[in-house]
> 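Shown below is the structure under consideration.
Below, read A as the first sequence line, B as the second, and so on, with proteins coming before strands; counting in each chain starts at 1. Fair warning: this is a prediction, and the values are worked out from it, not measured in the lab.
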Amino acid sequence: MSSYLDELNDVQRAAVTTTEGPVLVIAGPGSGKTRVLTYRIAHLLQQGVAPWEILTLTFTNKAAREMKERIENVVGARAQSLWAGTFHSIFARILRTEASKLGFPSSFSIYDTDDTTSVLRAIIKEMSLDTNVYNASAIRSRISLAKSNLISPKAYRENADMMQQDRAAKRPYIVDIYEKYVARCQRSGAMDFDDLLFQLYRLFRDNPDQVLEKYQKKFRYIHVDEFQDTNFLQYAILRRLVKYPGSPENVFVVGDDAQSIYAFRGATIDNILDFEKDYPLLKTFKLEQNYRSTHHIVSAANEVISFNRRQLNKTIWTDKVDRHKIKLLRCVTDDEEGRRVADLILEQKHRYHLPNHDIAILYRTNAQSRKFEEHLRRLNLPYRVFGGTSFYQRKEVKDFVGYLRLAVNPLDEEALRRVINFPTRGISDATVDKLSAVAGASNIAMWEAMLSPQLDVTDRARKSLATFRHMVEDWQKRVASEPASRLAAEILRKSGLFDALKGDTSPEGISRLENVNAVLDAISEFADSPGLPAEAPAPAGVAEPGIFPQAGAAVSDRSLSAYLQTITLLTDADEKNDGNDHITLMSVHSAKGLEYKSVFVTGLEENLFPSFMSMEDPNGLDEERRLFYVAITRAKEFLTISFSKSRYRFGSLRESNPSRFLDEIGGQHYELLGGIGSGRGPAAAQNQQQPVTQPRAGVSGNFANPRMRAVTRPAAPIAIPAGFKVSPVEDIVPGVTVLHLKFGEGKVTSVEGPKDNKVATIQFKNDDMPERRIVLKFAKLQVM
DNA sequence: GTTTCGCATCTTTTT
DNA sequence: GATGCGAAAC
C-alpha cells in the first residue's frame with residue numbers, strides 16, 4: 001500500500017481508509033486528527049475522486065490552507081482545486097453565486113459584529129427606545145441566537161417562549177427591532193455572520209431542485225473538522241447536503257467533545273449525539289493516543305476534565321517520557337505575573353535553546369495581554385499578539401474599507417453612514433437622519449433615498465450630497481473593469497481620506513497612514529496572487545467542469561468585491577505570519593488546534609478563569625473547564641500555569657482567589673515555583689512571606705492556603721477519613737466498593753484497558769453523574 | 001456645521 | 001481602560 005498509510009497507527013489507518021459512508025472520529029488532543037483528515041483526503045484523491053467533489057469545512061481558513069498544502073505534498077497540484085475553508089467562507093462563496101435567488105446582489109456586503117451592533121443602535125434610537133433597556137450588543141446576541149436556531153422574525157413573534165422571555169426581561173420590542181434589522185440588511189444588500197448560514201439554509205430549503213441538488217451531487221465527499229464546535233444551524237445545513245434519498249452519505253466528521261468551547265455561540269455536543277442518531281450506519285473511531293504532550297501534561301488534563309459532568313467515553317494516554325513537571329507560578333500582582341513569565345521565558349530559551357516560535361502565552365481574556373507585552377518588551381523578546389482588535393477593525397482601516405464597500409455595493413448603509421461625512425464634506429447628522437427616515441418610510445436604501453423627492457434638506461446639503469453621490473457613482477462604474485489595486489488607490493485619494501490622514505504627523509497619525517497603505521498593499525497582493533485553484537494549470541486538463549461555472553470562477557475571483565468578502569471572514573489565526581521568529585500571545589480560544597513546546601497558561605483565578613460570566617451556571621463552568629483543558633493540552637513539553645492574588649480589572653485593583661481548576665490537578669504533576677524575583681522589590685518580598693503549603697503527594701492538589709477557597713463543585717468534597725490508604729490498582733475489580741477522595745463512595749462496574757493503563761467505570765453514590773470513568777493509575781481509591 | 005471635552009457605561013470567548 | 005454620547009465651544 002502507499003507509503004503515506006504506513007505513517008498512521010491502526011485506528012488512524014482504519015479511519016482514513018473507510019471512505020464510504022458516514023464516519024465519526026473522536027479525536028483527543030494531539031492524537032493526529034489533522035493527519036487523519038489530510039491523509040483521508042489525499043487517499044480519496046489517489047483513488048480518483050476529483051478535487052472539486054471534496055468539501056472540507058474547517059474552523060479557520062489557515063487550517064484549510066495548511067491542510068491543502070499537506071495534501072499537495074502527497075498528491076501534487078490537484079490539491080489546489082479542493083473546496084476547503086470555514087463554514088462561513090465556503091457558504092459565502094456559494095451565496096455569492098446564488099445571491100439573486102435570495103434577492104441579494106452577488107456583491108453583497110458582509111456585516112461584522114461592529115456593523116451589526118451599529119445598525120441595531122441606529123434602529124433602537126429611531127424607535128425612541130430606552131438605550132439602557134435595549135442594549136445594542138445584548139440585542140445582537142439575542143438576534144444571533146434566534147438566527148442560529150432558524151427563527152425568523154415572523155417565527156419569533158409566534159414563538160411563545162422567546163416572547164415570554166422578552167416580556168419577562170421588560171424588552172417586548174426585541175422582535176420589532178429584529179424585524180427592522182432584517183429589512184434593513186436586505187435593502188442594504190448585506191448579510192451578517194449568522195445570515196451566511198441562515199440565508200444558505202433558506203436557499204437550500206426553498207430551491208431544492210435548482211440549487212440544493214446541484215450541491216448535493218457536486219460534493220460527493222464532505223468533511224468537517226472541529227465538529228464539536230458546529231452549531232444547530234451549521235449541522236442543519238450539513239444534514240441537507242448529505243442526507244437525501246439515495247445519498248451515499250459520505251460524511252466524515254472529526255471532533256472532541258472535551259474541546260467544545262463555543263457553546264456561547266450555539267455549539268453543542270448534541271450534534272455529536274444527533275449524528276449517531278441521524279446516521280445509523282455510522283462508523284466511529286476513537287483516537288486516544290496523544291503524540292503531543294508528556295505524561296504529566298496528559299495526566300493533568302485527564303484529571304481536570306474528569307470533573308465535567310457529561311463526556312463521551314475515552315481515555316487519552318501517551319507514551320512520552322516525562323522530563324519536566326508542570327510549573328505553578330504564584331504571584332501577588334498581575335505585574336509580577338507578567339514579569340515572572342517573561343523572565344521564565346528568557347531562562348527557558350537559554351537553558352533549552354528554545355526559539356521564540358516554540359513559546360506561547362495564553363490567557364482567558366484579550367485584555368490580559370498588556371502586562372506580558374510590557375515585560376517581553378523589557379527583555380527585548382519579540383512577540384506577536386493575536387486577537388483583540390484586529391487590523392481590519394481599526395478605525396482608519398474601517399473608514400477606507402467603508403469607501404471600498406460603498407464602491408462595490410452602494411446600497412450598503414453601514415458603509416455609507418461611516419464615510420458619508422468623513423472626511424467632513426458638509427453633510428450633517430441631521431441630513432443623515434433625514435436620509436435614513438426617508439429610506440425607512442419607503443423601504444429603499446439610503447443611497448436611493450438621496451434622490452427621493454421626499455427628502456427635505458437645505459440646498460447646501462443637497463449640493464454636498466450630489467457631489468458625494470457622483471464621486472461614488474464614478475467608482476461604482478469602474479469597479480468591474482479596473483484593476484482592484486488601482487481603483488482602491490484612487491479611492492483613497494479622491495475620498496479625501498489620504499489628505500486627512502497625511503495632515504496628522506503625530507506618531508499615531510503616521511501609523512494610521514501606514515495602516516491604510518497596508519490595506520492597499522494587501523489588495524495588490526490579493527489581486528496579483530495567481531488565483532488559487534482554477535488558474536493554476538491543472539494537470540491533464542482537469543478543470544472544474546462546466547456544470548458549475550460561476551463557482552469555479554469564484555474560486556479565482558480576484559475582484560475588489562471578493563477581497564472585501566474575504567477580509568471580513570478572516571480569523572485571528574489567519575493573519576499572515578510575517579516570517580519573524582516571535583513568541584505568541586493569544587486567548588485560549590484562539591489557541592485551539594495549535595501546539596507549542598512551551599506554553600504559559602495565565603490568570604488562573606476565580607472569576608477570570610473560570611470567567612465570572614460562567615460562574616452561576618454548571619454548564620458554563622463545564623465549558624470553562626473544557627477551555628482550561630484545551631489550554632493545557634497545547635503544551636508539548638513545558639507547561640507553566642500562573643495566577644495572581646490581585647489584578648487590575650475594569651479600571652481598579654481587585655483581589656482574586658486561585659482558580660478551582662488548580663485544585664483539580666494532582667499534586668504529583670506540578671511543582672510550585674519559588675519566585676524568580678525573590679528579593680527584588682516589595683511584591684517579591686511579600687510573596688516570600690506567604691506561607692505556602694507544598695502539595696502532599698497522592699492528595700489532590702491543594703497547593704494554596706485552604707482558607708482562600710470556598711469550594712463549590714458538583715460533588716461536595718468529603719472529609720479525608722483518618723487512615724485513608726490508596727489501594728493498589730490490582731485490587732480495583734468489578735463489584736468492589738471503593739472510596740474516592742473527591743466523589744466519595746462508589747461501586748466499580750467494570751475495569752478495562754491494558755495492564756498499565758486500566759480504566760474503571762464506577763457508580764458513585766452521591767454524584768449527579770450516573771457513572772464516571774476513572775483512570776486508575778492517577779486515581780486515589782481505597783477498597784472498602 | 002464641526003470639534004472637543006467630560007461624563008457615563010460596560011466590560012469573555014469569535015465567525 | 002476603552003468607547004459612546006451629549007453638550008458646549010469654535
> Honestly, is A:Arg625 close enough over A:Phe307, meaning NZ or CZ under 6.0 Å from the six-membered ring centre and within 45° of the axis?
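Negative - A:Arg625 is either too far from the ring of A:Phe307 or too far off its axis.
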> Looking at the side chain of A:Phe264, which of B:dT14, B:dT2, B:dT12 is the nearest nucleotide?
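Taking heavy atoms from C-beta onward, the closest nucleotide is B:dT14.
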> Of A:Thr424 and A:Glu624, whose nearest nucleotide on DNA chain B comes first from the 5' end?
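On the 5' side of the pair lies A:Thr424.
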> Tell me which nucleotide among B:dT14, B:dG1, B:dT15 gets nearest to the side chain of A:His88.
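Of the options given, the side chain of A:His88 lies nearest B:dT15.
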> From CD of A:Gln393 over to P of B:dT15, roughly how many Å is that when rounded to an integer?
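Answer to the nearest Å: 10 Å.
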> Between B:dT12, B:dT14, B:dT11, which nucleotide has the shortest distance from any of its atoms to the side chain of A:Phe650?
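From the listed options, B:dT11 comes nearest.
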> With sugar-phosphate meaning primed atoms plus P, OP1 and OP2, does A:Arg460 contact a base, only sugar-phosphate, or nothing at under 4.0 Å between heavy atoms?
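Touches sugar-phosphate only.
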> Using whole Å, report how far CE of A:Met613 lies from P of B:dT14.
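Computing the A:Met613:CE to B:dT14:P distance gives 14 Å.
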> Distance check needed: B:dT15 P versus A:Asn231 CG, whole Å only.
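That distance rounds to 14 Å.
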> Check whether A:Glu336 reaches the backbone of A:Val332 with its side chain - one donor and one acceptor, N or O, closer than 3.5 Å.
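Looks like yes, one N/O pair under 3.5 Å.
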> Counting any heavy atom closer than 4.0 Å, what does A:Thr113 reach on the DNA or RNA strands: base, sugar-phosphate only, or nothing?
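Base, at least one base atom sits under 4.0 Å.
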> Quick one: on DNA chain B, does A:Arg649 or A:Gly426 contact a more 5' nucleotide (nearest heavy atom)?
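Going by which nucleotide is closer to the 5' end, it is A:Gly426.
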> Around atom CZ of A:Arg370, are there more than 12 heavy atoms of other residues, nucleotides or ligands at under 6.0 Å?
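Not more than 12 within 6.0 Å, no.
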> Counting only side-chain N and O atoms of A:Ser428, is one of them less than 4.0 Å from OP1 or OP2 of B:dG1?
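So the side chain of A:Ser428 is within the cut-off, an N or O lying under 4.0 Å from OP1 or OP2 of B:dG1.
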> With respect to the phosphate group of C:dC5, does any side-chain polar atom (N or O) of A:Thr131 fall under 4.0 Å of OP1 or OP2?
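For C:dC5, OP1/OP2 do not have a side-chain N/O of A:Thr131 under 4.0 Å.
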> Which nucleotide in the set C:dG4, B:dT13, B:dT15 lies at the smallest distance from any side-chain heavy atom of A:Arg121?
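Given the options C:dG4, B:dT13, B:dT15, the side chain of A:Arg121 is closest to C:dG4.
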> What nucleotide among B:dT14, B:dT13, B:dT2 has an atom nearest to a side-chain atom of A:Ser590?
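The listed nucleotide nearest to A:Ser590's side chain is B:dT14.
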> Whole angstroms only, please: what is the CG-C1' distance between A:Asp229 and B:dT15?
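That distance rounds to 11 Å.
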> Would you say A:Arg626 reaches B:dT13's phosphate, i.e. side-chain N/O to OP1/OP2 under 4.0 Å?
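No, A:Arg626 has no side-chain N/O under 4.0 Å of OP1/OP2 on B:dT13.
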> From the options B:dT2, B:dT13, C:dA2, select the nucleotide whose nearest atom is closest to the side chain of A:Arg370.
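Comparing B:dT2, B:dT13, C:dA2 against the side chain of A:Arg370, the answer is C:dA2.
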> Just N and O in the side chain of A:Asn366: are any of them under 4.0 Å from OP1 or OP2 of B:dT14?
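For B:dT14, OP1 or OP2 has a side-chain N or O of A:Asn366 closer than 4.0 Å.
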> Cation-pi check, A:Lys395 to A:Phe422: give yes when NZ or CZ is under 6.0 Å from the six-membered ring centre and within 45° of the ring axis, no otherwise.
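Positive - A:Lys395 is close enough to the ring of A:Phe422 and near enough to its axis.
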> Between A:Gln565 and A:Phe108 (side chain of the first, backbone of the second, donor and acceptor by atom type, cut-off under 3.5 Å), is there such a pair?
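Answer holds: yes.
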> Nearest-Å distance, OH (A:Tyr363) to C1' (B:dT12)?
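From A:Tyr363 OH to B:dT12 C1': 13 Å.
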> Starting at atom CD1 of A:Ile143, determine the distance to atom P of B:dT15, rounded to an integer number of angstrom.
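Going from A:Ile143 (CD1) to B:dT15 (P), I get 21 Å.
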> Measuring centre to centre across the rings, with the benzene-like ring taken for any Trp, is A:His589 within less than 6.0 Å of A:Phe264?
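Distance test on ring centres: under 6.0 Å, yes.
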> Figure out the NZ/P separation between A:Lys125 and C:dG4, and round it to whole Å.
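Interatomic distance, NZ of A:Lys125 to P of C:dG4: 13 Å.
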> Rounded off to whole Å, could you give me the CZ-to-P distance for the A:Arg140 and B:dT11 pair?
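Whole-Å distance recorded here is 11 Å.
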> Using a heavy-atom cut-off of 4.0 Å across all strands, would you classify A:Tyr648 as base, sugar-phosphate, or nothing?
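Nothing, no nucleic acid heavy atom in range.
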> Need one value for A:Asn421: base, sugar-phosphate or nothing, where a base atom within 4.0 Å counts as base even if backbone is also close, heavy atoms only.
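If one applies the 4.0 Å heavy-atom cut-off, A:Asn421 turns out to touch the sugar-phosphate alone, with no base involved.
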